[in-house]
Amino acid sequence: MFRVLVVGAGLTGSLCAALLRKEITAPLYLALWDKAGDIGGRMTTANSPHNPRCTADLGAQYITCTPHYAKKHQNFYEELLAHGILEPLTSPIKGMEVKEGESNFVAPHGVSSIIKYYLKESGAEVFLRQCVTQINLRDNKWEVSEDTGSTQQFDLVILTMPAPQILGLQGDIVNLISERQRQQLASVSYSSRYALGLFYEAGMKIDVPWAGQYITSNPCIRFISIDSKKRNTESSECGPLLVVHTTVPFGVTHLEHSEEDVQELITQQLETILPGLPPPVATKCWKWRYSQNGERPPDWRDDRENGESSLF
């Protein structure tokens, strides 16, 4: 049986696994490893510790489809829409730039539901907290080593993690990457930011006319989303789910600070934008060390003509 390993359980890895399963008719063992404790990558959805049905998207907030890719990726969009994985974004996002011909979508069950859908289609065996450290060539097989020291062999290995993590791998792969490829990988730059999810008591209301808002005058906060309102999933069972994304300069400046200190700073700035919020029943602070090239809004743009496949 042909053995394939996909490293990275985000959108690229999960879709790649699904396409492999669809295109390869021969017997295939498909494994997917991720060093994180959950799937999703930059399409991460967090659950409230008090009610797992109350979820908040800490990564991509919505998906923007450009006219070119509306045609090129038509089958993908039609499939996700037909299965209820995506729905058109109808809630108001204050300050959102809408270009002619673009369409915006949300995932009503959380943006990680896209990854879950493709993983289910792939039939891949998913292993979390599996951190790849080395890749060596042994008897025409790829021997992949974890940080625990254990190894497995595969016929094919597909890497979908950020470029710095690929360049940090050891073993024969170091010599197999050409100098030109190494330069190309090294030239990829990433900005960084934080996301803070705040879960409130059921019955509490945030009385604003928008579901999301871009902030342009705050040194810390770039975007705020009332996530359940944005996804049209408000219910009496869950209180508001507030998601805050920081600016890139704030993220870079505080990249190595503790999550507790960062959360306190974000909360202080949030009070100046939405004063009088009660204490949340739970919070989740998330560091995005590898986000995207430059300062971008918190969408996922289906626009790769300029080398973009970006979040935020």
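Below, each value reflects all heavy atoms present in this structure, side chains not excepted, and no hydrogens, waters or symmetry copies. Quick note: residue numbers are just sequence positions, from 1.
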Over all atoms of both residues, closest heavy-atom pair of [X] and [Y]:
{"X": "V208", "Y": "K229", "answer": "O-NZ, 2.8 Å"}
{"X": "L274", "Y": "L277", "answer": "O-CG, 3.4 Å"}
{"X": "C285", "Y": "V262", "answer": "SG-CG1, 4.3 Å"}
{"X": "L169", "Y": "V132", "answer": "CD2-O, 3.5 Å"}
{"X": "L11", "Y": "S14", "answer": "O-OG, 3.1 Å"}
{"X": "A124", "Y": "L32", "answer": "CB-CB, 4.4 Å"}

(request) Evaluate the criterion side-chain contact (heavy atoms from CB on, under 4.5 Å) for residue pair L80 and F105; output intermediate values, then yes/no. (result) CA-CA 10 Å; L80 293 173; F105 302 95; over 6 Å; no

Hey, are the side chains of [X] and [Y] touching, using non-hydrogen atoms and a 4.5 Å cut-off?
{"X": "V111", "Y": "Q61", "value": "no"}
{"X": "R193", "Y": "F250", "value": "no"}
{"X": "T44", "Y": "D38", "value": "no"}
{"X": "E102", "Y": "P67", "value": "yes"}

Please check: side-chain N/O of [X] versus main-chain N/O of [Y], any donor-acceptor pairing under 3.5 Å?
{"X": "S112", "Y": "G40", "value": "no"}
{"X": "R222", "Y": "V248", "value": "no"}
{"X": "T247", "Y": "P219", "value": "yes"}
{"X": "K287", "Y": "L255", "value": "yes"}
{"X": "Y118", "Y": "G10", "value": "no"}
{"X": "W288", "Y": "L58", "value": "yes"}

(request) Could you please spell out the steps behind the side-chain contact (heavy atoms from CB on, under 4.5 Å) verdict for V244 and I273? (result) CA-CA 11 Å; V244 180; I273 300 171; over 6 Å; no

Under 6.0 Å from the [atom1] atom of [X], do we count more than 12 heavy atoms belonging to anything else shown?
{"X": "R182", "atom1": "CZ", "answer": "yes"}
{"X": "K35", "atom1": "NZ", "answer": "no"}
{"X": "R180", "atom1": "CZ", "answer": "no"}

(message) Applying salt bridge (charged side-chain N to carboxylate O under 4.0 Å, His left out) as the test, list every pair that has at least one member in residues 255-277; sequence neighbours left out.
(response) E256-R289

(message) Does anything in residues 197-211 form a salt bridge (charged side-chain N to carboxylate O under 4.0 Å, His left out)? List the pairs, not counting sequence neighbours.
(response) none

Partner residues of [X] under the ring-ring contact (aromatic ring centres under 6.0 Å, His included) criterion, sequence neighbours left out:
{"X": "H83", "answer": "Y117"}
{"X": "H109", "answer": "none"}
{"X": "F76", "answer": "H73"}
{"X": "Y200", "answer": "none"}

(request) Please test V188 against Y190 for side-chain contact (heavy atoms from CB on, under 4.5 Å), starting from the C-alpha separation and ending with a verdict. (result) CA-CA 7 Å; V188 178; Y190 295 86; 3.5 Å; yes

(message) I'd like to check the disulfide (SG to SG under 2.5 Å) partners of C54; sequence neighbours left out, ordered by chain and number.
(response)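 Scan of C54 (disulfide (SG to SG under 2.5 Å), adjacent residues dropped) gives C238.
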
Please report the interatomic distance [atom1]([X]) to [atom2]([Y]), rounded to the nearest 0.5 Å.
{"X": "L176", "Y": "Q181", "atom1": "CG", "atom2": "CD", "result": "9.5 Å"}
{"X": "L196", "Y": "W286", "atom1": "CG", "atom2": "CH2", "result": "13.0 Å"}
{"X": "T55", "Y": "D57", "atom1": "OG1", "atom2": "CG", "result": "6.5 Å"}

(message) My understanding is that only residues two or more places apart in sequence, or in another chain, count here; which of them pass salt bridge (charged side-chain N to carboxylate O under 4.0 Å, His left out) with E237?
(response)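 For E237, the residues satisfying salt bridge (charged side-chain N to carboxylate O under 4.0 Å, His left out) (neighbours in sequence not counted) are R53.
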
(request) Evaluate side-chain contact (heavy atoms from CB on, under 4.5 Å) for T283 paired with T267, printing each intermediate quantity in order. (result) CA-CA 11 Å; T283 60; T267 303; over 6 Å; no

Which donor-acceptor pairs under 3.5 Å do the side chains of residues 16-29 make with protein atoms, sequence neighbours left out?
from : atom 1 : to   : atom 2 : distance (Å)
R21  : NE     : S122 : O      : 2.6
R21  : NH1    : L28  : O      : 3.2
R21  : NH2    : S122 : O      : 3.3
Y29  : OH     : E125 : OE1    : 2.8

(request) Verify the cluster assignment for I173 and W33: are they in a single hydrophobic cluster under the rule of side-chain heavy atoms below 4.5 Å apart? (result)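 Yes; W33 is reachable from I173 via cluster members.
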
(request) Any disulfide (SG to SG under 2.5 Å) involving residues 141-232? Give me the pairs, sequence neighbours left out, ordered by first then second residue. (result) none

(request) Not counting sequence neighbours, list each pair that qualifies as a side chain to side chain donor-acceptor pair (under 3.5 Å) and has a residue in residues 152-176. (result) R3-Q152, K141-D155

(message) Test question: given the 4.5 Å side-chain rule for I, L, V, M, F, W and Y, name all other residues clustered with V281, or answer none.
(response)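 So far as hydrophobic clustering goes, V281 is joined with F199, L241.
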
